[in-house]
Amino acid sequence: MAAKFEPTTATTTRIVIEPHSQFDLSTHSRTTTVRSLAITTLSNNRTILYVGTHSGTLFSLSPNLNHTNSSQNGTVLQKLSFLRSVSVTNSPVDAILVLPDLEKVLILSDGSLFLVDSDLSNRAVRLGFSKGISVVTRRRMRNNESEGLGLGLDSSNHKFLHKLGGFIVKDGGESHSEGFGGCVLAIVTGKRLVIVELVVKDVNNASLVVLKEIQCVDGVVSTMVWIDDSIVVGTANGYSLISCVSGQSSVIFSLPDVSRPPRLKLLYRDWRVLLLVDNVGIIVDEQGQPVGGSLVFRHGLDSVGELSFYVVVVSDGKIELYNKKHGGCVQVLPFGGEGIGPCVVASEEDRGGKLVAVATATKVVCYQKLPSVEQIKDLLRKKNYKGAISLVEELEYEGEMSKDLLSFVHAQVGFLLLFDLHFEEAVDHFLLSETMQPSEIFPFIMRDPNRWSLLVPRNRYWGLHPPPAPLEDVVDDGLMTIQRASFLRKAGVETIVDNDHFLNPPNRSDLLESAIKNISRYLEACREKQLMQSVSEGVDTLLMYLYRALNRVEDMERLASSTNWCVVEELEHMLEESGHLRTLAFLYASKGMSSKAVAIWRILARNYSSSLRKDPALETIIQDSGENLISGKAIAAAEASKILEESSDQDLILQHLGWIADISQLLAVEVLTSDKREIQLSPDEVITSIDPQKVEILQRYLQWLIEDQDCFDTQLHTLYSLSLAKSAIEAFEFENISENLASGNTERTNLATLRNSIFQTPVRERLQIFLQSSDLYDPEEVLDLIEGSELWLEKAILYRRLGQETLVLQILALKLEDSEAAEQYCAEIGRADAYMQLLDMYLDPQDGKDPMFTAAVRLLHNHGESLDPLQVLEKLSPDMPLQLASETLLRMFRARVHHHRQGQTLMQGCQD
């Protein structure tokens with residue numbers, strides 16, 4: 001991600017190369033001028049420049065790369081050291097082809113080829129071949145593979161070549177004559193394109209062996225390159241591709257009728273060929289197919305070279321560098337005045353070349369590539385941050401720069417942007433740096449000395465930005481810089497400053513807010529990384545400081561309530577002073593300081609303010625309880641209860657149970673019945689501490705102990721039944737209060753309290769279920785409590801427990817008038833006298849009640865066969881309408897007679 005900000009700078013070009021040294025030909029010969037130029041690095045790492053003249057002389061020069069260059073300070077360039085010269089012919093040296101692997105130099109002059117040692121220690125030897133050679137080039141293979149491969153020669157041709165010159169293919173693929181060194185060349189002579197092998201036998205014995213002849217294209221070939229198995233030639237008509245294997249040619253494209261002479265350049269780094277059409281450069285691959293975009297040069301050019309990512313062109317006394325990838329001109333350097341005539345450029349034919357030389361008629365200037373790091377620094381000094389990052393990415397893509405250095409530059413750019421008050425873009429670069437340490441940001445947040453001072457790496461990067469300082473100081477210094485630049489501009493002094501800031505001076509408070517906001521963003525991203533504990537502590541603690549500075553309460557609370565590395569002692573005083581008690585409570589809780597956390601929630605509940613932030617999740621919990629207490633108090637109680645639910649500190653829990661219960665009985669119950677704690681509470685201590693007025697809390701806790709915890713303690717069962725019984729009596733009494741009860745606060749309050757229960761099941765139903773299901777309570781104690789109440793069903797259940805059958809029947813039959821239940825109870829007793837006793841109760845209910853003839857008839861109808869008819873007749877009241885029981889009595893008697901006869905028949909059978 002490149003930064004959005006791109007400041008206005010005095011120049012938009014890079015300093016890729018700088019003048020290193022020069023050579024004045026006129027000091028050696030006043031009668032000749034430069035015709036051709038070449039640079040090479042020999043096997044002993046010596047770099048040599050070869051200069052060919054119009055008078056046929058070849059000079060060798062040394063650039064003295066070990067010497068420092070002083071041209072940056074505006075002083076005179078050092079001189080290229082003159083080594084030697086050799087006279088080749090009396091005609092111009094048209095081309096210089098250095099053969100570093102053979103330590104030879106091949107020279108084209110006067111239509112012939114000459115060979116000389118690389119140190120020019122011997123005279124030039126003319127190679128035996130017909131004159132009229134116009135162009136020569138050497139075959140190049142990708143990654144310096146053998147030149148002898150891929151010629152398409154069959155076995156018969158190899159035998160023929162053996163007869164001519166002993167041509168063989170050695171292991172490793174290098175093609176040369178047996179026992180001698182050599183290389184493969186392509187030369188153009190007349191209409192012929194000839195592939196030859198240069199065979200070097202000794203210092204003065206070299207020859208050319210013809211390997212293949214190909215019919216050349218129409219027109220005069222003036223430029224040529226050989227790449228893999230393809231030869232690209234240029235004529236006034238256009239550019240053509242010739243296969244050295246098949247000999248076939250094809251047109252790449254034609255030139256316009258009026259255009260500059262064709263020029264070709266093999267781009268070694270990309271393994272492509274640059275074809276020039278006037279001021280446009282077209283890059284093609286080894287098949288002649290265009291790749292990438294075109295390069296548009298500012299003017300027509302005299303010569304072209306290559307250096308790293310750049311195409312180097314010269315014209316009209318200027319050297320220009322164009323980026324091969326995006327085509328932009330990155331540097332322009334003058335080296336001679338206008339109208340100086342044609343110029344020549346030469347570059348090292350090496351992927352890692354660092355030199356480029358240009359020549360006018362009498363002067364040669366050698367330029368040295370500035371180290372990549374120095375180029376980056378120069379761009380950063382000019383505040384061309386985008387250009388610096390682009391260059392680093394190019395270098396990293398080409399494998400010339402490590403990812404660590406890319407990260408280093410991102411961090412450096414980030415710091416420069418930060419001090420330029422572009423905080424968002426600064427953090428964008430910080431986040432792109434994989435090597436930057438979060439602790440490098442700490443001094444911008446907290447002044448030294450502090451807890452983390454020793455963690456801050458003393459990394460000054462390239463010394464391009466001031467040392468770290470608190471953000472307030474950075475903003476103040478930046479504003480002062482903008483103000484100073486404004487005065488200088490008004491005085492006519494050009495300054496490197498952001499135009500946006502210059503035209504619209506930013507507000508201090510806005511800048512400070514932006515700084516804090518974006519540094520917070522960086523620290524938030526750092527939280528996701530694997531860091532040392534001490535660094536994590538600094539990140540989280542300082543992030544809390546930044547949130548506090550912007551009063552980002554929600555972010556503060558979210559950080560404090562999450563898993564964090566905040567240092568409590570560094571924050572608690574600040575949070576107390578600023579009144580952010582909720583954040584402090586969350587922080588205490590996250591660090592296991594439950595006592596302090598709950599104490600704060602208690603304070604907040606007591607000092608509730610409507611401005612207290614509400615938590616929707618907690619509001620839902622409390623709404624679900626039916627208490628409808630959506631308030632700050634309820635939220636404080638809910639937060640405290642969450643802490644206590646996980647705590648095993650019984651004293652702490654019981655200490656705070658009361659105020660939580662005052663706000664929400666449901667929350668209090670959840671605290672007591674939580675299964676999240678490791679050690680459960682003592683039931684006796686809990687029961688003792690529960691407010692007697694909070695009866696439902698006690699009941700729910702006892703219910704949990706008995707039903708969920710399988711408690712078999714008879715005392716707890718009895719206590720639970722007594723509590724339910726007491727509540728049932730009160731509920732019964734309230735239910736019988738007239739709906740037309742005179743309005744009064746006390747009565748209304750009590751009724752509202754009664755209705756607002758934490759239970760969904762009525763208390764009497766809960767009491768009845770428990771009395772029937774438990775065998776561990778003391779029924780007599782419960783009976784003593786409800787004896788004077790109207791809880792007749794509960795009494796029946798208890799009397800049944802005690803075996804008081806008569807009392808149970810009286811309650812069921814007479815008090816509750818539940819005939820079905822009474823008859824069912826008689827069936828459970830299993831004795832006939834129970835039915836008779838029930839009949840007697842129906843017929844003589846006592847206490848002035850009228851006989852229950854309908855119930856009696858029902859009993860006789862359902863269970864008459866179990867009753868003695870005579871006893872029944874004795875019990876029947878004279879007042880009972882006979883028609884109600886006649887049918888029932890008749891059926892009962894018939895059944896009785898039937899049973900009697902069955903008995904007689906059975907006895908008779910036994911006697912027989």
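The residues of the chain are indexed from 1 along the displayed sequence.
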- Note on the structure: When rounded to the nearest 0.5 Å, the distance separating CD of E707 from CD1 of I769 is 9.0 Å
- Message: Other residues, nucleotides and ligands only: do more than 12 of their heavy atoms fall within 6.0 Å of CD on Q715?
- Response: no
- Are the side chain of S723 and the backbone N or O of Q699 linked by a donor-acceptor pair below 3.5 Å? no
- Query: Does K795 reach the main-chain N or O of E787 with its side chain, forming a donor-acceptor pair under 3.5 Å?
  - Reply: yes
- Please check if the side chain of D818 supplies one atom and the backbone of A821 the other of a donor-acceptor pair under 3.5 Å. yes
- Task: Determine, step by step, whether Y545 and L571 satisfy the side chain to side chain contact (heavy atoms under 4.5 Å, CB included) criterion, reporting the C-alpha distance in whole Å, the side-chain angles of both residues, the deciding distance to 0.1 Å, and the verdict.
- Result: CA-CA 8 Å; Y545 269 101; L571 295 172; 3.8 Å; yes
- Strictly by modelled atom types, are E670 and S641 linked by a side-chain donor-acceptor pair under 3.5 Å? no
- If we ignore angles and hydrogens, is there a donor and acceptor under 3.5 Å between the side chains of H580 and N551? yes
- Task: Go through the side-chain N and O atoms of Q768 and Q772 and say whether any donor and acceptor fall under 3.5 Å apart.
- Result: no
- Message: Below 30° counts as parallel, above 60° as perpendicular, anything between as tilted: where do the rings of F770 and Y777 land?
- Response: tilted
- Roughly how far apart are L575 CG and L581 CG, rounded to 0.5 Å? 8.5 Å
- The reported gap from OH in Y547 to CZ in R558 (rounded to nearest 0.5 angstrom) is 6.5 Å
- Task: Could you tell me whether E805 and R800 have a side-chain N and a carboxylate O separated by less than 4.0 Å?
- Result: no
- Message: Between Q703 and F759, is there a side-chain heavy-atom distance shorter than 4.5 Å?
- Response: yes
- Item | I516 to L546 - nearest heavy-atom pair and separation | CG2-O, 3.6 Å
- Message: With side chain to side chain donor-acceptor pair (under 3.5 Å) as the rule and sequence neighbours excluded, what pairs involving residues 682-692 come up?
- Response: D691-K694
- Answer yes or no: is there a donor N or O on one side and an acceptor on the other, between the side chain of S721 and the main chain of T718, under 3.5 Å? yes
- Task: Tell me, yes or no, whether the heavy-atom count around K529 atom NZ, taken from other residues, nucleotides or ligands under 6.0 Å, exceeds 12.
- Result: yes
- Which heavy atom in L542 sits nearest to a heavy atom in M446, and how many Å separate them? CD2-CE, 3.7 Å
- Item | Within-4.5 Å side-chain heavy-atom neighbours: W452 and V567 | yes
- Ion pair present between R451 and E570, side-chain N to carboxylate O less than 4.0 angstrom? yes
- Task: Report the C-alpha distance between R858 and E823 in whole Å, list the side-chain angles of each, state the deciding distance to 0.1 Å, and finish with yes or no for salt bridge (charged side-chain N to carboxylate O under 4.0 Å, His left out).
- Result: CA-CA 10 Å; R858 171 192 167 92; E823 292 173 16; 3.0 Å; yes
- Over 12 non-hydrogen atoms of neighbours within 6.0 angstrom of CH2 in W704: yes
- Does a salt bridge link K849 with D847, judged by any charged N lying under 4.0 Å from a carboxylate O? no
- Is a side-chain donor or acceptor of R766 paired with a backbone partner of T761 at a separation under 3.5 angstrom? yes
- Give a yes or no on whether K517 atom NZ has more than 12 heavy-atom contacts from other residues, nucleotides or ligands under 6.0 Å away. no
- Nearest heavy-atom pair of A634 and I663: which atoms, and what distance? CA-CG2, 3.6 Å
- Verify the ring-centre separation between F586 and W601: is it less than 6.0 angstrom? yes
- Do the side chains of L814 and L809 get nearer than 4.5 Å, heavy atoms only? no
- Item | Nearest-0.5 Å distance that lies between atom CG in L523 and atom CG in D540 | 9.0 Å
- Side-chain touch I660/R602, heavy atoms, less than 4.5 angstrom: no
- Message: Could you tell me if the side chain of I797 sits less than 4.5 Å from the side chain of V808, heavy atoms only?
- Response: no
- Kindly say whether C566 contributes a backbone atom to a donor-acceptor pair with the side chain of N564 at under 3.5 angstrom? yes
- Message: Walk me through whether Q665 and R700 qualify under side chain to side chain contact (heavy atoms under 4.5 Å, CB included).
- Response: CA-CA 10 Å; Q665 294 192 44; R700 181 66 187 89; over 6 Å; no
- Message: Could you check whether any side-chain N or O of S647 sits under 3.5 Å from a backbone N or O of I643, counting only pairs where one atom can act as donor and the other as acceptor?
- Response: no
- Using the side chain to side chain contact (heavy atoms under 4.5 Å, CB included) rule, take W565 and V539 through it: C-alpha gap first, then chi angles, then the decisive distance, then the call. CA-CA 8 Å; W565 290 97; V539 168; over 6 Å; no
- Message: For a 4.5 angstrom cut-off between non-hydrogen side-chain atoms, does E730 reach V695?
- Response: no
- Message: Is it the case that atom CD in E780 sees more than 12 heavy atoms from other parts of the structure closer than 6.0 Å?
- Response: no
- Min side-chain heavy-atom separation D555-L543 under 4.5 Å: no
- In terms of heavy-atom contacts, C826 and A834 come closest through SG-O, 3.6 Å
- Message: Can a donor-acceptor pair be found, under 3.5 Å and without considering hydrogens, that links the side chain of Q837 to the backbone of T806?
- Response: no
- Note on the structure: Separation between CG (L798) and CG (D778), nearest 0.5 Å, reads 10.0 Å
- Message: I'd like to know whether CD of E820 has more than 12 heavy-atom contacts from other residues, nucleotides or ligands below 6.0 angstrom.
- Response: no
- Message: What verdict does the side chain to side chain contact (heavy atoms under 4.5 Å, CB included) test give for T583 and E554, after you've listed the backbone C-alpha separation in whole Å, the side-chain angles of each residue and the deciding distance to 0.1 Å?
- Response: CA-CA 9 Å; T583 300; E554 292 189 6; over 6 Å; no
- d(K676 NZ, K642 NZ) to nearest 0.5 Å is 8.5 Å
- Query: Distance only, no hydrogens: is a donor on one side chain within 3.5 Å (strictly under) of an acceptor on the other, for S674 and E646?
  - Reply: no
- Lys/Arg-Asp/Glu bridge criterion (N-O < 4.0 Å) met for E524, R527: no
- Between D775 and R801, is the closest basic N to carboxylate O distance under 4.0 Å? yes
- Message: Check this for me: does any side-chain nitrogen of one of E794 and R764 sit under 4.0 Å from a carboxylate oxygen of the other?
- Response: yes
- Task: Write down the atom of S590, the atom of S562, and the distance for their closest heavy-atom approach.
- Result: CB-O, 3.9 Å
- Please name all residues satisfying side-chain hydrogen bond (donor to acceptor under 3.5 Å, both in side chains) with Y701, sequence neighbours left out, ordered by chain then number. none
- Message: Using every non-hydrogen atom in the two residues, find where L802 and P779 come nearest and quote the distance to one decimal.
- Response: CD2-CG, 3.7 Å
- Query: Do D649 and S594 have side-chain heavy atoms sitting under 4.5 Å apart?
  - Reply: no
- Item | Side-chain donor/acceptor of R677 to backbone N/O of L644, under 3.5 Å | yes
